[in-house]
Amino acid sequence: MSALNDLLRLVRLRVEVYHNARVCGDWLIREHSEGNTCFHMPTQGDCRLTVPGHGEWHLAEGDLVLFPREIAHTMTPVGPASGPQRHLAIASAQDQPGTSMLCGEVVIQHTGNAALLDSLPPVFILPRTHDTAWLTTLLQLIVAESLASETPSNVVLDRLCELLFVFALRHYASAISGEPSLLNLYGDARLAKALRAVHADPRRDWQLETLAAEATMSRTRFAKAFRDLSGWTAMHYVTWWRMQLARSLLESGRGVADVADAVGYRSEAAFSRAFSKAFGTSAGAVRRAS
């Protein structure tokens, strides 16, 4: 998964926990901010998740649900509940019947994140099973930190939740979905070799033949496999990656000519045209805003 790690490093994930409390009574939690990337996890107890138009699920303790772009949904108790809804500090409410609910927003600081989010289903549910042992490990750490913390969230919980999102993406990539998507590429061992080569040397004059050689595949088989898994051509990916890297370098303060050379463009003008096409703004404007 080193090629996927490169992407995750580039997009600069940040998680902000906005709810971490024991919810008691006849409670109901609705969507927080439609369109943003978010997740939920019942860390003690379970709940019912209802997403109109998509379905209804019983989320057991430690199950994770991700919304790449949050849509309308509700979470409620699984069984009968009575009394007013209360959100209590987890550490001081262990004797209260209810469900401890963790909710957070994932902020992707790099603007080239659409392809990553488009790779995921509208509602992505990961049950805590032997196939997702990392969920059990992170759940234990999250609960321990929640019981020890004087506030609903802190920097440790935010970092643990970043790991939730990263491991979820890696799990999804490794499964390779039936629908073409960017994440499928990172889960295919042969194609990922070619991606790693591009990431390691974006300045190289990459062609279909040289990419196929990195994957130890014929040109024809490589091109077909790449398109079948992602819906993209291999050269589309090369250009896309160069543009993602270029934006990151420009935002770090490097000059346009320097960045153009770093990502494999011999002509600054050609680079500027490609950058404007990819982002709808000029490389110079991004550099000046950094």
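In this model, a donor atom of one side chain and an acceptor atom of the other lie less than 3.5 Å apart for Asn154 and Glu145. A donor-acceptor contact under 3.5 angstrom links the side chains of His73 and His40, judged on distance only. Side chain to side chain, Arg30 and Thr74 fail the donor-acceptor criterion of an N or O pair below 3.5 Å. For the 3.5 Å distance criterion, the side chains of His87 and His19 qualify, holding a donor opposite an acceptor. Inspection of the Arg22 and Gln44 side chains reveals an N or O donor paired with an N or O acceptor under 3.5 Å. A side-chain donor from one of Ser146 and Asn20 sits under 3.5 Å from a side-chain acceptor of the other.
The backbone N or O of Met235 sits less than 3.5 Å from a side-chain atom of Thr239, completing a donor-acceptor pair.
Residue pairs meeting the salt bridge (charged side-chain N to carboxylate O under 4.0 Å, His left out) criterion with at least one member in residues 63-84, sequence neighbours excluded: Arg69-Asp118. Residue pairs meeting the salt bridge (charged side-chain N to carboxylate O under 4.0 Å, His left out) criterion with at least one member in residues 252-266, sequence neighbours excluded, are Arg203-Asp261, Arg254-Asp258.
Side-chain contact between Leu117 and Ile108 is present, with heavy atoms from C-beta onward closer than 4.5 Å. Looking at Cys24 and Arg86, their side chains come closer than 4.5 Å, going by heavy atoms from C-beta outward. Using a 4.5 Å heavy-atom cutoff, the side chains of Thr99 and Pro42 are in contact. Looking at heavy atoms from C-beta onward, Leu102 lies in side-chain contact with Cys161 at the 4.5 angstrom threshold. Counting heavy atoms from C-beta outward, Glu31 and Ile71 have side chains that stay 4.5 Å or more apart.
Between Arg12 and Glu251, at least one side-chain N (NZ, or NE/NH1/NH2) sits under 4.0 Å from a carboxylate O, which counts as a salt bridge. Note on Glu214 versus Lys193: no salt bridge recorded, every NZ/NE/NH1/NH2 to OD/OE distance being 4.0 Å or above. Comment: Glu56 engages Arg48 in a salt bridge, judged by a side-chain N to carboxylate O separation of less than 4.0 angstrom.
Between Ile142 and Leu164, the closest heavy-atom pair is CD1-CD1, 3.8 Å. Nearest heavy-atom pair, Ala246 versus Phe271, reported as atom, atom and distance to 0.1 Å: CB-CE1, 3.6 Å.
Aromatic ring pairs are classed by plane angle as parallel below 30°, tilted from 30° to 60° and perpendicular above 60°; the pair Tyr237 and His199 is parallel.
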**OP:** Would you please test Val256 and Ser272 for side chain to side chain contact (heavy atoms under 4.5 Å, CB included) and show each step?
**Re:** CA-CA 8 Å; Val256 175; Ser272 296; 4.3 Å; yes

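Of the candidates Leu211, Leu4, Leu185, Leu185 is the only one forming a side-chain contact (heavy atoms from CB on, under 4.5 Å) with Leu195.
When ring centroids are compared, Phe67 and Phe39 stay outside the 6.0 Å threshold.
Arg247 forms a cation-pi arrangement with Phe279, by the criterion of a distance under 6.0 Å to the ring centre and an angle within 45° of the ring axis.
Phe226 meets the ring pair (Phe, Tyr, Trp, His ring centres under 6.0 Å) test with Phe222; sequence neighbours excluded.
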